[in-house]
Amino acid sequence: MEVYLDNAATTKPRKEVVEAMVYAMEELYANPSSLHRKGVEVEKSIKNTRKLIAKALGCKDQEFYFTSGGTESNNIAIRGIVEANHRFGKHIITSKIEHPSVLNTFNDLEAKGYGVTYLEVNHEGFISVDELRNAMKEDTILVAIMHVNNEVGSIQPIDEIGKIIKGKNPKTLFHVDAIQSFGKIKFNVANTLVDTLAISGHKLHGPKGIGGLYVRKGLKIRPMVTGGGHEMGLRAGTENVPGILGLGAAVKHQMAQQEEIISKMITLKKYLVERIQEEVKEVVIHNGMEADFAPHIINVSFIGVKSEVLLHSLEGDGIYVSSGSACSSKKKGFSHVLTAMKLKNTLIDSSLRLSISDTNTKEEIDYGVNQIKKQVELLRKIMR
Ligand SMILES: Cc1ncc(COP(=O)(O)O)c(C=O)c1O
């Protein structure tokens with residue numbers, strides 16, 4: 001049996017996503033910038049997909065831009081905002097648990113002379129809104145806080161954060177990395193005080209190498225890639241038409257079935273946590289079942305068992321999981337998220353991330369937990 005429990009790293013494209021991409025490659029191959037009928041047809045399909053995604057986000061069509069994925073969206077927003085606003089201030093704020101596409105961008109800006117405040121998180125992975133309020137200065141031009149953390153699933157209160165930011169300084173811009181939350185947690189950007197928001201296709205059963213950025217109307221962002229004026233001048237380059245159509249198909253499915261998808265993930269997550277707690281001794285679950293945790297991420301330490309060793313043992317049983325975050329798991333060293341949560345090194349070293357999708361089944365969870373139990377018991381005997 002193959003059990004894929006690494007859906008926070010990436011998801012398998014849905015059938016309709018693959019079909020939309022094949023159709024785009026076989027039929028919609030003309031350049032959308034071409035003036036002839038074939039080009040106009042492709043341009044129309046991009047326009048329709050933009051409309052569909054904008055509707056899902058709750059924004060206007062002209063406020064949504066296609067990019068090559070989450071990393072690029074975060075970079076365009078952060079660097080673009082800072083470059084366009086550096087005359088107004090040199091202070092920027094983020095949290096210690098952001099994805100490397102945000103953290104390393106902030107590190108780079110720090111090296112270029114910007115003052116950066118990295119907000120702490122508590123032992124469950126939540127920032128303190130009071131710390132944010134106190135960190136805000138007159139010259140703070142940007143605050144970037146992720147919606148759902150990719151390692152532990154904590155959901156930051158972006159509505160409240162937006163109000164605090166704008167209450168302290170209406171000119172400070174607010175960027176949100178919503179890559180782990182889009183489609184899995186209901187929100188509508190029009191009802192928030194978010195200025196820019198990043199999404200990615202491959203986290204919701206869409207293709208890799210495609211994503212998008214919401215930019216509130218009227219906001220000035222300096223483009224990073226200049227060229228032929230594509231994507232309303234924000235991101236030049238001939239459009240990734242198969243990626244765009246594939247993303248459209250994924251978002252269409254996710255939005256049409258959102259209630260069922262979320263409820264299935266919550267049921268599976270609850271079942272997985274309960275089964276682990278029943279079957280395996282000496283486990284510490286680092287995230288909760290409450291509404292402020294994402295429905296798809298479980299982070300658990302199997303005390304005394306090195307997560308990387310367990311990961312490879314499970315792989316032998318056809319079970320695929322992550323130790324820490326897959327985006328950065330090839331790097332040596334402890335997870336920056338669990339470190340910021342001030343977990344003991346022994347817990348960090350034995351922490352596994354299991355991430356589910358609505359495509360998983362109860363049978364898969366049963367098989368997964370049985371094998372986890374076997375492997376953990378075996379490894380504990382060898383290691384102790
Ligand atoms: C929270 C978060 N932000 C950004 C990214 C990067 O997205 P992409 O892989 O589309 O570049 C990821 C991917 O793991 C993520 O989980």
Side-chain angles (χ1 to χ4, degrees), residues 4-13 17 53 64-79 94-108 119 121 125-127 144-156 158 161 175-185 187 194 196-214 224-225 235 237 240 242-244 246-247 250-251 254 265 287 293-299 320-331 335-338 340-341 353-357:
Y4 185 75
L5 293 175
D6 202 14
N7 290 284
T10 196
T11 51
K12 182 178 174 180
V17 169
I53 299 172
F64 181 75
Y65 301 81
F66 290 107
T67 68
S68 72
T71 299
E72 191 193 334
S73 296
N74 282 334
N75 269 269
I76 293 178
I78 297 165
R79 292 182 193 278
T94 191
S95 83
K96 285 193 170 174
I97 61 163
E98 300 296 311
H99 184 268
S101 57
V102 170
L103 267 187
N104 289 335
T105 307
F106 270 75
N107 292 163
D108 185 43
L119 300 175
V121 292
F126 293 96
I127 66 155
I145 304 287
M146 71 199 317
H147 194 192
V148 165
N149 178 267
N150 48 303
E151 292 191 38
V152 293
S154 48
I155 306 174
Q156 307 299 337
I158 54 169
I161 293 172
H175 172 68
V176 171
D177 171 343
I179 285 146
Q180 290 290 345
S181 67
F182 179 51
K184 297 174 190 131
I185 289 168
F187 64 83
V194 170
T196 53
L197 179 137
I199 66 162
S200 174
H202 71 106
K203 308 288 183 182
L204 72 162
H205 299 280
K208 293 169 186 57
I210 186 79
L213 183 67
Y214 155 75
M224 274 167 45
V225 180
R235 182 194 185 253
N240 171 4
I244 290 173
L247 174 61
V251 173
Q254 201 80 7
M265 287 195 295
N287 48 1
F293 284 99
H296 62 301
I297 298 175
I298 295 153
N299 196 305
Y320 300 99
V321 299
S322 264
S323 72
S325 163
C327 281
S328 52
S329 65
K330 288 218 169 76
K331 277 197 201 150
S335 142
H336 70 283
V337 176
L338 302 182
M341 284 163 60
R353 180 185 69 183
L354 313 172
S355 48
I356 50 181
S357 149

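Both ligands and their constituent atoms are indexed starting at 1 by order of listing. Hydrogens, waters and symmetry mates play no part in the numbers below; they use all other heavy atoms, side chains included. All values reported here derive from a predicted model rather than from experimental measurement. Numbers here simply count residues along the sequence, with the first being 1.
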Backbone or side chain, does any N or O of Glu72 fall under 3.5 Å from an N or O of ligand 1? no
Atoms in ligand 1 with a heavy atom of [X] nearer than 4.0 Å:
X	answer
Met146	1 (C)
Asp177	1 (C), 2 (C), 3 (N), 4 (C)
Gly70	7 (O), 8 (P), 10 (O), 11 (O)
Ser101	4 (C)
Ser200	8 (P), 10 (O)
Gly69	10 (O)

Tell me, please: is His202 in heavy-atom contact with ligand 1, that is, under 4.0 Å? yes
Is the shortest distance from a heavy atom of Glu98 to ligand 1 less than 4.0 Å? no
Under 3.5 Å: donor-acceptor pair, side chain of [X], backbone of [Y]:
X	Y	answer
Asp6	Tyr320	no
Lys203	Phe182	no
Gln156	Gly125	yes
His296	Ile356	no

When you look for heavy atoms under 4.0 Å from ligand 1, do you find them on the side chain of Thr71, its backbone, both, or neither? both
Rounded to the nearest 0.5 Å, how far does OG1 of Thr71 lie from CD1 of Ile179? 6.5 Å
Going by atom types only, do Ser154 and Asn149 share a side-chain donor-acceptor pair under 3.5 Å? no
Is it the case that the side chains of Asn74 and Asp177 hold a donor-acceptor pair, with the cut-off being a distance below 3.5 Å and no angle test? yes
